[in-house]
Every structure is written in C-alpha cells, then in structure tokens.
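In what follows, a single structure is set out as structure tokens and then discussed.
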Amino acid sequence: MFIPKKNRIAVYSYLFKEGVCVVKKDSAQKTHPEIEGVSNLEVMMLMKSLASRGLVRVTFSWQHSYCYLTTESEDESLTGLDYLRTYLALPAEI
C-alpha cells in the first residue's frame, strides 16, 4: 500500500512522541482519532510493517491493537527508537 510521506512522518512522529499507538481494527474508519489527516488503514499498515521488522511490539485486545515502540533488541539489531530517530533525522539527545 502506498502511503504519502507526510502521513508516514505524522504517524512516526506521533509514535516517537507518545511511545505507543492505539489502532482500532476498522479499515473503514476514515481518520485516526489521534493523528490528524491520516486514515486508520494507513496507521494499521504502518504498524503492521514496523511489527514485522521487530520495531514495535503489538498487543491485541477488544478490537484494538496497542503498538509499543521497542527500546531494546534481543540480538543487537536496530531498535524501534533508533529507527524512528534516524528516519525523522532527530539527534540522539532527544
């Protein structure tokens, strides 16, 4: 699925700032309640992509996915925090 870069940056910025993103399992929902201008389907697909790379940990309960940003990795690979920091071009102090 193609997701515009401004939407991807909005979702990644929200996840970096909050540390967790809640996504309702509803692809027909027009917008995500927390992130302006981004559809719920786009957020679902971005979290699915990050989870497959091991950058977020997903817990599913009552039709909602709770996506937690990883701060530690088991095999010394890139953590979710490090990935978002490089993608958003943020310094290490933040």
Side-chain angles (χ1 to χ4, degrees):
M1 173 178 197
F2 177 74
I3 300 172
K5 189 170 184 175
K6 69 176 186 80
N7 291 359
R8 184 182 305 263
I9 289 174
V11 173
Y12 286 174
S13 298
Y14 178 81
L15 181 61
F16 186 81
K17 183 176 68 170
E18 297 295 326
V20 66
C21 184
V22 180
V23 184
K24 184 176 180 182
K25 186 180 175 185
D26 181 13
S27 59
Q29 190 175 359
K30 295 289 183 194
T31 60
H32 190 271
E34 302 292 326
I35 308 167
E36 292 184 26
V38 180
S39 72
N40 199 48
L41 180 63
E42 290 173 337
V43 177
M44 281 175 34
M45 293 298 111
L46 284 172
M47 292 303 121
K48 182 177 166 184
S49 174
L50 291 175
S52 70
R53 291 186 268 169
L55 302 175
V56 296
R57 183 175 45 91
V58 179
T59 304
F60 188 77
S61 176
W62 290 79
Q63 297 297 315
H64 286 79
S65 294
Y66 298 89
C67 305
Y68 303 98
L69 191 59
T70 59
T71 56
E72 299 175 352
S73 66
E74 299 170 358
D75 56 354
E76 298 299 321
S77 62
L78 195 64
T79 65
L81 191 63
D82 294 334
Y83 174 77
L84 290 183
R85 197 174 275 140
T86 56
Y87 189 87
L88 299 171
L90 297 172
E93 295 82 38
I94 297 178

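Being a predicted model, the structure only gives us computed values, none of them experimental.
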Please evaluate residues Val11 and Met47 with respect to the criterion side chain to side chain contact (heavy atoms under 4.5 Å, CB included), reporting the C-alpha separation (whole Å), side-chain torsions for both, the decisive distance (0.1 Å), and the verdict. CA-CA 9 Å; Val11 173; Met47 292 303 121; 3.6 Å; yes
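- The hydrophobic cluster containing Phe60, built from Ile/Leu/Val/Met/Phe/Trp/Tyr side-chain heavy atoms closer than 4.5 Å, comprises no other residue.
- Screening residues 57-70 for side-chain hydrogen bond (donor to acceptor under 3.5 Å, both in side chains), with sequence neighbours left out, gives no hits.
- The CG atom of Asn7 sits 9.5 Å away from atom CD1 of Ile35, with the distance rounded to the nearest 0.5 Å.
- A continuous path of hydrophobic side-chain contacts links Tyr12 to Leu90 [ILVMFWY only; heavy atoms under 4.5 Å].
- Panel note: side chain Thr86, backbone Asp82; a donor-acceptor pair is recorded below 3.5 Å.
- Each of Met44 and Val22 belongs to its own hydrophobic cluster when Ile, Leu, Val, Met, Phe, Trp and Tyr are linked at side-chain heavy-atom distances under 4.5 angstrom.
- The shortest heavy-atom contact between Ala51 and Val56 is N-CG2, 3.5 Å.
- In this structure, CD in Glu18 is found 13.5 Å from SG in Cys67, a value given to the nearest 0.5 Å.
- Residues Leu84 and Val20 do not share a hydrophobic cluster, defined by chaining ILVMFWY side chains whose heavy atoms lie under 4.5 Å apart.
- Evaluation of the side chain to side chain donor-acceptor pair (under 3.5 Å) rule for Ser13 yields no partner, not counting sequence neighbours.
- Taking the side chain as every heavy atom from C-beta outward, Leu15 and Leu50 approach each other to under 4.5 Å.
- In plain terms, the two heavy atoms of Lys24 and Asn40 that are nearest each other are O-ND2, 2.8 Å.
- Between the CG atom of Leu46 and the SG atom of Cys21 there is a distance of 9.0 Å, given to the nearest 0.5 Å.
- With rounding to the nearest 0.5 Å, the separation of CE in Met1 from CD in Glu42 is 5.0 Å.
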